[in-house]
There are 2 protein chains.
Amino acid sequence: MTLDERKKLILESIIRDYVETAEPVGSRAVVKKHGLKISAATVRNEMSDLEDMGYLEQPYTSAGRIPSQKGFRYYVDCMMEQENLDDNETEVLLHLLDDSFHEVNELVQKIGHFLAQTTKYTSFVIVPSVRLSKFKYLQLIPIEPGKALVLLVTDLGVVMHRNIEVPQSITASELELIGHMFNQVLAGKKIIEIQRSDLQQLRDELKQRRKVIDRALEAIESLLDNSNEERVIISGALNIMNEPEFKDVDKLRRILAFLEEETQLMDMLPESLGDEVDIRIGRENQAEDFKEMSLVFAGYQTQGEQGKMGLMGPVRMEYWKAVGSLDSVREIIEEIIRKRF
Amino acid sequence: MTLDERKKLILESIIRDYVETAEPVGSRAVVKKHGLKISAATVRNEMSDLEDMGYLEQPYTSAGRIPSQKGFRYYVDCMMEQENLDDNETEVLLHLLDDSFHEVNELVQKIGHFLAQTTKYTSFVIVPSVRLSKFKYLQLIPIEPGKALVLLVTDLGVVMHRNIEVPQSITASELELIGHMFNQVLAGKKIIEIQRSDLQQLRDELKQRRKVIDRALEAIESLLDNSNEERVIISGALNIMNEPEFKDVDKLRRILAFLEEETQLMDMLPESLGDEVDIRIGRENQAEDFKEMSLVFAGYQTQGEQGKMGLMGPVRMEYWKAVGSLDSVREIIEEIIRKRF
DNA sequence: GATTAGCACTCAATGCGAGAGAGTGCTAAC
DNA sequence: GTTAGCACTCTCTCGCATTGAGTGCTAATC
């Protein structure tokens, strides 16, 4: 269904106004705001049409109109032009990332912070799991008599470690040898591919140092389990409190509680994302507590796997800004990841 | 100033009631609740006295009384008996900590979570900086041509690491040797004592591998800088939303924003804590945004330094429970840290 | 046929006043 | 010193009238 130009203009005008003020928009306001050459009465007729079509709704008889979720959907699909980061904002982001960061996690933290700050919405960034990273390096390091450190490094430079207990009697060179054998078996495998069978093979090969091996294997298994988890970093959750639609403490609590459960957020996102920035408006979200929120999200590519990031706000959201920001940020961080890792 | 028994009884009765209901307490309610043998009129006279003394206040003429902050202070100082964790709760905590945890950070996370959950307040736990830990072990690990990992372990088992770039030509045994020399210079020193002069000494001793050394030293310096930071872990911030005094979104925002700035919280606490659980009621807190909140906090000893933990809630707080919980938890975790690290 | 001016109508929001209810403070009796 | 009784105070709630923004309809106009 396509709208004629005047209806589009009116719809856009109402959306812009409503997004800004959170108040129903009246016919006179539409005329004034855009300096239209038509009268309020004409606008009223058009608004009535738009309401019949489902793009607008009235909170109550004889109030102004507000865009329906369908109206927002039409707008973002057919009319919206995204608004990328301006030079100033880009500058800020680049400067932020210029400061030394030593891990992907730090990078992601900063990105999330930036997104939340520039858009005034709540941001999330998901660090991809290391499942698809490759095993690169393992070492058993004697720390003190009876204690050693299992150190595991992936090809993306992610370092994982865990303390284990070992017999007092074991020597540094023995530990080194054991580490060496681990390396041989596991070298170059994708983390996700490291099977229990590989670990069993090691168990068999190194019978004489059973205890150390067992402890080390336990440590590795536990590290691998952990590594399956994607990490979610949420920033600017309190921005939600600025939105008048959440001045009700109860609604607010539901949303914030929802955000605390990071898995719930992840469950709402598709497994894998394309190149487009994606939008979920209000009831399009599955989660009950999120039916009054909108979600704008995009993927970003690391070498191995896809990370995800996005912005959350009320349905009455500046989609143009959210989409543009994500698009710009994606480009910038993909560039950085390509260079640095 | 000491109160006679009957006044104490009435004050306590009002505090208990008010803490539970958040409503002003009337004279009849006091009589009923405690099945007192005196009439409401008598209680009224006593309440009037208590108000004159500053322990009670009236929201408006002819409403019931609520305890003043001074009233709470008197109560916690002179009358309160702390209420430690019961067997059930202790069980839960021990069970929670029985599950494997691999780092002090994980331990602390769980403690914070537990405190928030059992008390329904907001908890914080501060992990002491590793400044007073001793340097235990350092190794340079070749990861791939041109890249190495600087690994630093303290006596508390805290592992820090950082990637550095090294010349392509360097061999594993050279790296090992360099690491060895680092160890000799730094061995057993407290992190805080490692001076630039030590690092300079290393720089001099290892002239021929200038580049590697410089990189490694930079990495170490940056790790040490980081390690000066105390980490604050806050749990159950949303519990604040359940308190009727914060049903106003604006107040709520101020509090939550305050909590987001972790340093602000740390600034409110004394440098070092004694054995007692400490209480700050309402206006006793310096921070402007915290004048309607109370803070209950205690220190816990690790080998090296003192950690801190506490609970935050409205002035109308179950201090007996908060103090008791912290006291119990402190005992338990000090025991665990003694055993495990 | 589309547009517009005019006007009656609707409904949330605001303000006001009466009534209810909880609780006090005072007085006088015990 | 304690208590019963009672007038008084103040909040809270409800209903009702008022206000004002904004609509929908009708009839006139372009």
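Here is the naming used below: chain letters follow the sequence lines, and residue numbers restart at 1 for every chain. Side-chain atoms are counted along with the backbone in the values below, which use heavy atoms only and exclude waters and symmetry mates.
Partners of A/Glu51 under the salt bridge (Lys or Arg N to Asp or Glu O under 4.0 Å) rule, at least two apart in sequence or in another chain, are A/Arg65. Applying the side chain to side chain donor-acceptor pair (under 3.5 Å) test to B/Ser325 and every residue at least two apart in sequence or in another chain returns nothing. Every residue meeting the side-chain contact (heavy atoms from CB on, under 4.5 Å) condition with B/Gln117, not counting sequence neighbours, appears here in chain and number order: B/His113. In terms of the side chain to side chain donor-acceptor pair (under 3.5 Å) criterion, B/Asp52 has no residue partners (sequence neighbours excluded). For B/Arg316, the salt bridge (Lys or Arg N to Asp or Glu O under 4.0 Å) partners two or more places apart in sequence, or in a different chain, are B/Glu243, B/Glu245.
Within a 6.0 Å radius of NZ in A/Lys120, other residues, nucleotides and ligands contribute 12 heavy atoms or fewer.
With distances taken from any side-chain atom of B/Tyr60 to the nucleotides D/dT3, D/dC10, C/dT3, the minimum falls on D/dC10.
The side-chain hydrogen bond (donor to acceptor under 3.5 Å, both in side chains) pairs that include a residue from residues 273-291 of chain B are B/Arg73-B/Glu284, where partners are two or more places apart or lie in different chains. Within the structure, the salt bridge (Lys or Arg N to Asp or Glu O under 4.0 Å) test picks out the following pairs touching residues 21-34 of chain B (sequence neighbours left out): B/Asp17-B/Lys33.
For A/Leu36 and C/dA2, the CG to P distance is 19 Å, given to the nearest whole Å. Separating the CD1 atom of B/Ile38 from the C1' atom of D/dA4 is a distance of 15 Å, rounded to the nearest angstrom. Across the protein-nucleic acid pair, A/Ile66 atom CD1 and C/dA12 atom C1' stand 14 Å apart, rounded to whole Å.
Taking side-chain N and O atoms only, B/Arg6 has no distance below 4.0 Å to OP1 or OP2 of D/dG1.
Taken residue by residue, residues 11-23 of chain A places no heavy atom nearer than 4.0 Å to DNA chain D.
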Completion exercise
Given protein heavy atoms under 4.0 Å, the one-letter contact record of nucleotides 14-30 of chain D, with B base, S sugar-phosphate only and - none, is simply --------BBB------

